Amino acid sequence: MLVCLFCPESVPLQQKDILLKHLLLEHKLVIADVRLIADLPKYLSYWRSRFLEQPVTEFCSVIKTNSNGPIEKQENYFLLCDVLPEDLILRERLQQKRLEEVLEQQQLEREDNSFHHSCMFCSEEFTGNRLQCLYCEKTFRDKTTLRDHMRKKSHRRINANNREYDRFYVINYLELGKTWEEVQSEDDGELVDDGHNDDWSDWRAHPMSAVCLFCHHQSETMDLIYTHMKESHGFDLHQLRTELDLRFYQQVKLVNFIRRQIHQNHCYGCQQKFDSREGILSHIQTEDHVMMLPDASAWDQPQYYFPTYENDALLCTLSDSDDGCEDSHSKDVPVIAEDVSELRTLKQTSILKQLLKNRNSCS
């Protein structure tokens, strides 16, 4: 339920427009960018309690209408927005909380084998984990077939046109105040061809900034980000790849596993949970858990094919150690020559010969 900030008026969550209209007409209050608030009920509950402690003018911008008219026709409207530092912090905290809930729900659905649901149109029932493609929503008989399909068809993402999944898009929670469409349009805006300049001779590619697995440090070159992780955190990905003889996709899963564990404030070495990023970083340094990996069964899982963050540039730099193996295998493939031992018989019985005879007789 959504409860008014000033009175007992309440409406179901699906009827938020009714409450917003009530706030505007009855209390002269406008809440900015409501659609970008991650958890509207908690947001309203917070400000309801704050308005009981102090007057609304202490928090909201005051907008006076008809300021040049008579005093009796002037009205004050109040704008509650993230210009107020307290409101900005609240929105960021709610968004961070929702992001954590989304990631936990994704993990739960990947591991849930107790799924049971009946079709709304017939009596057929579905049980077990749903092996369904995220993009085209086709179902498959096993995980291997599903994984191959998503790789070959480039379906390793949710269909952007399916609005049902908008609330689960992690990108919707990465930048406060922007939807995934707005973030994407900003990325592509600089590449739009306006037709006025066809000369690309001075065009330069924008460098990809890779983010450290442990902190918010970014580098435009991969050598710098690897050096930073090694010198600042004691983490050497190249050493792990060599010692464990990791193939390309194993490296992908390992990077995604570590990034997700750090994001959720879990130590990937001992699985201890912490309350903050600072706590987990201090722990892995103090306990020397930086290079301590759990058993491969913990991270070598299909779920870690998918990145924790969209467009993780660190994944683009992983070396593919499988290339050499493919070349060596291709050299050993035998070439079997065509059987031409009965070539004379083939010429005599060929359908082409019969067609030529028919054509000459007609002419």
Side-chain angles (χ1 to χ4, degrees), residues 1-109 112 117-118 120 162-183 264-265 273 275-276:
M1 295 291 290
L2 300 177
V3 183
C4 176
L5 300 175
F6 304 97
C7 67
E9 180 75 16
S10 62
V11 298
L13 179 60
Q14 295 78 7
Q15 300 177 6
K16 67 177 180 180
D17 290 340
I18 296 178
L19 181 64
L20 296 176
K21 182 179 179 180
H22 166 79
L23 288 172
L24 176 63
L25 298 179
E26 300 297 330
H27 305 290
K28 306 294 188 284
L29 179 79
V30 177
I31 301 176
D33 296 324
V34 175
R35 64 188 181 89
L36 298 177
I37 298 176
D39 193 331
L40 186 57
K42 290 183 179 179
Y43 179 87
L44 295 175
S45 175
Y46 176 87
W47 282 117
R48 180 180 174 86
S49 63
R50 292 291 285 138
F51 288 163
L52 292 175
E53 299 171 359
Q54 292 179 276
V56 66
T57 52
E58 294 292 325
F59 306 103
C60 298
S61 302
V62 180
I63 303 173
K64 181 173 291 187
T65 62
N66 196 20
S67 57
N68 296 325
I71 297 179
E72 61 273 10
K73 293 187 177 181
Q74 295 180 2
E75 289 185 301
N76 289 335
Y77 284 81
F78 306 99
L79 177 64
L80 182 60
C81 63
D82 57 8
V83 173
L84 178 70
E86 185 175 353
D87 186 86
L88 177 63
I89 293 173
L90 174 61
R91 292 178 185 234
E92 288 178 341
R93 188 169 70 244
L94 293 175
Q95 184 157 308
Q96 178 66 26
K97 180 64 176 176
R98 178 57 59 86
L99 173 59
E100 294 173 357
E101 292 174 354
V102 168
L103 293 176
E104 290 176 0
Q105 181 64 25
Q106 289 178 349
Q107 182 67 18
L108 178 63
E109 291 181 358
D112 182 22
H117 204 281
S118 300
M120 65 177 64
N162 191 340
R163 297 294 178 182
E164 183 66 23
Y165 295 103
D166 275 4
R167 57 198 175 106
F168 296 113
Y169 281 149
V170 174
I171 193 174
N172 277 334
Y173 307 100
L174 297 183
E175 189 168 353
L176 184 67
K178 293 183 180 179
T179 63
W180 68 267
E181 291 116 327
E182 293 170 330
V183 174
Q264 296 176 343
N265 296 327
K273 171 72 174 176
D275 295 329
S276 64

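It should be emphasised that the depicted structure is a prediction, and the values quoted were computed from it without experimental measurement.
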Any residue meeting side chain to side chain donor-acceptor pair (under 3.5 Å) with Glu101, in chain and number order, not counting sequence neighbours: Arg98
Electrostatic pair Asp17:Lys21 at N-O distance under 4.0 angstrom: no
Inter-residue atom distance Lys28.NZ - Ile63.CD1, 0.5 Å rounding: 13.5 Å
Cys4 vs Leu23 side-chain heavy atoms within contact, under 4.5 Å: yes
Distance in Å, Phe51 CZ paired with Leu80 CG, rounded so as to fall on 0.5 Å steps: 5.0 Å
Beyond-backbone contact of Asp87 with Trp47, side-chain heavy atoms, under 4.5 angstrom: yes
Non-neighbouring partners of Glu100 that pass side chain to side chain contact (heavy atoms under 4.5 Å, CB included), sequence neighbours left out: Gln96, Lys97
More than 12 heavy atoms from other groups under 6.0 Å of NZ on Lys273: yes
Flag side-chain contact, heavy atom, 4.5 Å: Glu86 against Arg50: yes
Flag side-chain contact, heavy atom, 4.5 Å: Ile37 against Ile31: yes
Test item: Cys60 and Leu29 side chains (from C-beta on) under 4.5 Å apart, heavy atoms: yes
4.5 Å side-chain heavy-atom contact, Leu2 and Pro41: yes
Pairwise distance CG(Leu99) to CD(Glu104) - rounded to 0.5 angstrom: 10.0 Å
Rounded distance [0.5 Å steps], CG in Leu20 versus CG in Leu25: 11.0 Å
Shortest non-hydrogen contact between Gln95 and Ala38, atoms and distance: CA-CB, 3.7 Å
Leu24: side chain to side chain contact (heavy atoms under 4.5 Å, CB included) partners, not counting sequence neighbours: Val30, Tyr77
Closest contact, heavy atoms only, Arg48 versus Phe6: NH1-N, 4.0 Å
Spacing of OG belonging to Ser10 relative to CD belonging to Gln15, to within rounding of 0.5 Å: 10.0 Å
Closest heavy-atom pair and its distance - Lys64, Gln74: CD-OE1, 3.6 Å
Pairwise distance CZ(Arg91) to CG(Leu36) - rounded to 0.5 angstrom: 7.5 Å
Side chain proximity check, Arg93 to Tyr46, heavy atoms < 4.5 angstrom: yes
Heavy-atom side-chain proximity of His22 to Leu19 below 4.5 angstrom: yes
Closest heavy-atom pair and its distance - Tyr43, Leu94: CB-CD1, 3.8 Å
